[in-house]
Amino acid sequence: MRHVSEGLLAAGLGLGGLAALVLLLWTLSPYPDSGADGALRIAADLWLLAHGTALWRGGSPVGLTPLLLSALPAWLLFRAVRAADWRPEPAEAARAALWTTGGYLVAATGAVLFTLPGAVRADALSAAAHVPVFALAATLAGAWSVTGPPEWLRARLPAAFDTRRLFAAARIALAGAVGYCAAGALLAAGGLMLNAPTAQDGFGHLSADWPGRLAVLLLTVSLLPNAAVWGAAYGLGPGFTPGSGATVSPLAFTGDPTSLPGFPLLAALPSGAPGHWVLWTFTAIVPASGVVAAAAYAANAAVPVPGERRTASGWPGTALTVALAACGTGAVLGLLAAFAGGPLGTGALAAFGPEPWLVAPAAFAWTALLGVPLALALRLWRLRRAGWIRALVTLGARPAGNGRGGRGGRGTSPRPGRRHRKKGTGRRRRSGGHDDAWHTTVARRARWEALRKNSGALVPDITEVTDLTDVTEVTEVTDLTDGKRTRP
């Protein structure tokens, strides 16, 4: 029951966060169309849309998923299965993920039923297909991040695909995907800067009051990750479809998407204007960013300590890890492309966004063809870099001489700033100090006499021993040769 409650808690937090935001906008709106129950239904619709569920508004489908909204339930599910009380064993990981997903689906079923009477309702079949897959993928990722892949998967994989290599490939794939999307976000930002007046006019055309403009702004912010994925798909080569049968890619621009609504993000779409040639020139940063990020992470994983060959991986293992990471990068980009697009109606916006079956192979090809040689080159550089630096430091630290370069040898010039003093200067300086009277015999006798008077019989009198034959105390002497004790 602990796992089920964690799943219910994750669903409640996701729904509660969206409900609070929607109720705030409903409160600020001067012309609310429905009551608080209608606003809560909109919050449930957005929560289900974040999982990939298609919505219906009358007879028009809405299948475009705001990726920023999807990040919240995915993170909550990932943390829920890790926070549950279960033993970190591979067999327990799948069980914890399944029970957490079960509790999450109970709340999702209630949300679907709650949206059916509203003007915007969730598609029950789409919810049954998308929400379980979304929740199970997030919970399994959280469980396997603790225990590693399950035993049955490890047994079927070759020996070269060990747990360490799989974790390294996953990190490299994530780094490559982040690099591609970050460069795509830069492309989208450049398009918005070139068409800033058009994007600004979109806020006024869609809403005349400030609460409406705030809602448009929040929707724009939630779709910013989608714009980054669109920019990545554009830079990788396949491009995307902005509706109206148009296709936008670096090599071709077909169709005329002039019937698109005046949404602010759509102002970033490239066109045939001369100013966009500047943007097209920088499309190469998308594959370059992803390939460099993946290769850098692969080189760091192959050579953890620069210059240390004992802990470094060989070049075949590095190439295999980057090849696995290329597969993961293609899968991640394809999944993001599938979520970042979708229909927004039955007319001009029926096809909207990049094609996942084109984006995934393009990401794999860029990462595999360029990432493998670059990772091997960076691996070699990390192995040799420490030696180069050590040689340069040694060369720069050599003392300058007059031709006989040994340390302390003939002809060696003294180091600058080093002080030289003659022997005995310190002793002569000490003998002339004013504290010498403290160390004389007379002074020591006077101090001892004062201590004896103040301590009574604890301190004996000072007696001088001039002849060792007067000593009558018997001492034991141990002969170390035979271990016998003798008396003198």
Side-chain angles (χ1 to χ4, degrees), residues 74 78 90 93-94 97 133 136-183 229 232-233 235-238 286-305 309 311-339 356-383:
F78 185 85
V133 175
L136 191 61
T139 52
L140 284 177
W144 289 349
S145 65
V146 178
T147 63
E151 293 293 340
W152 60 269
L153 183 58
R154 297 179 188 176
R156 296 184 179 183
L157 290 176
F161 297 163
D162 54 353
T163 304
R164 179 184 175 185
R165 190 180 303 280
L166 291 177
F167 272 108
R171 290 192 293 267
I172 296 169
L174 183 60
V178 170
Y180 288 131
C181 293
V229 176
L236 289 174
V286 175
S289 300
V291 169
V292 169
Y297 267 76
N300 291 336
V303 187
V305 181
R309 292 181 176 272
T311 59
S313 301
W315 67 266
T318 304
L320 179 60
T321 304
V322 178
L324 288 175
C327 297
T329 303
V332 171
L333 264 297
L335 183 63
L336 291 177
F339 269 82
W357 58 274
L358 292 177
V359 175
F364 167 78
W366 282 107
T367 310
L369 296 178
L370 296 182
V372 172
L374 183 58
L376 294 178
L378 292 177
R379 171 187 170 275
L380 183 61
W381 179 77
R382 284 180 64 85
L383 286 175

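Worth knowing before you read on, the calculation uses all heavy atoms, side chains too, and leaves out hydrogens, waters and symmetry mates.
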Closest non-hydrogen atom pair, Ile172 against Ala294: CG2-O, 3.4 Å

Quick check: closest heavy atoms across Pro287 and Gly235, and the distance to 0.1 Å? CD-O, 3.8 Å

Greater than 12 external heavy atoms within 6.0 Å of Phe339's CZ: yes

What closest approach, in Å, do Thr318 and Ala375 show between heavy atoms, and which atom pair accounts for it? CG2-CB, 4.5 Å

Measure the CZ-CG distance between Arg165 and Leu320 for me, rounded to the nearest 0.5 Å. 5.0 Å

Is any side-chain heavy atom of Leu336 less than 4.5 Å from a side-chain heavy atom of Cys181? yes

Closest approach of Ala232 to Val286 (non-hydrogen atoms, all atoms of both residues): O-CG1, 3.7 Å

All heavy atoms of Trp144 vs all of Ala93, minimum pair found to be CD1-CB, 4.2 Å

With a 4.5 Å heavy-atom cut-off, do Phe364 and Thr329 have their side chains touching? no

With a 4.5 Å limit on heavy-atom distance, are the side chains of Arg382 and Val305 in contact? no

Can you confirm whether Thr367 sits close enough to Tyr180 that some side-chain heavy atom of one is under 4.5 Å from a side-chain heavy atom of the other? yes

Give the minimum heavy-atom separation between Ala293 and Ala175, together with the two atoms involved. CB-O, 3.6 Å

Would you compute the distance between atom CG of Asn300 and atom CZ of Arg379 and round it to the nearest 0.5 angstrom? 13.0 Å

Supply the atom-to-atom distance Ser145 OG to Phe167 CZ, rounded to the nearest 0.5 angstrom. 7.0 Å

Out of Leu374, Val291, Val372, Leu376, which one pairs with Val322 under the side chain to side chain contact (heavy atoms under 4.5 Å, CB included) rule? Val372

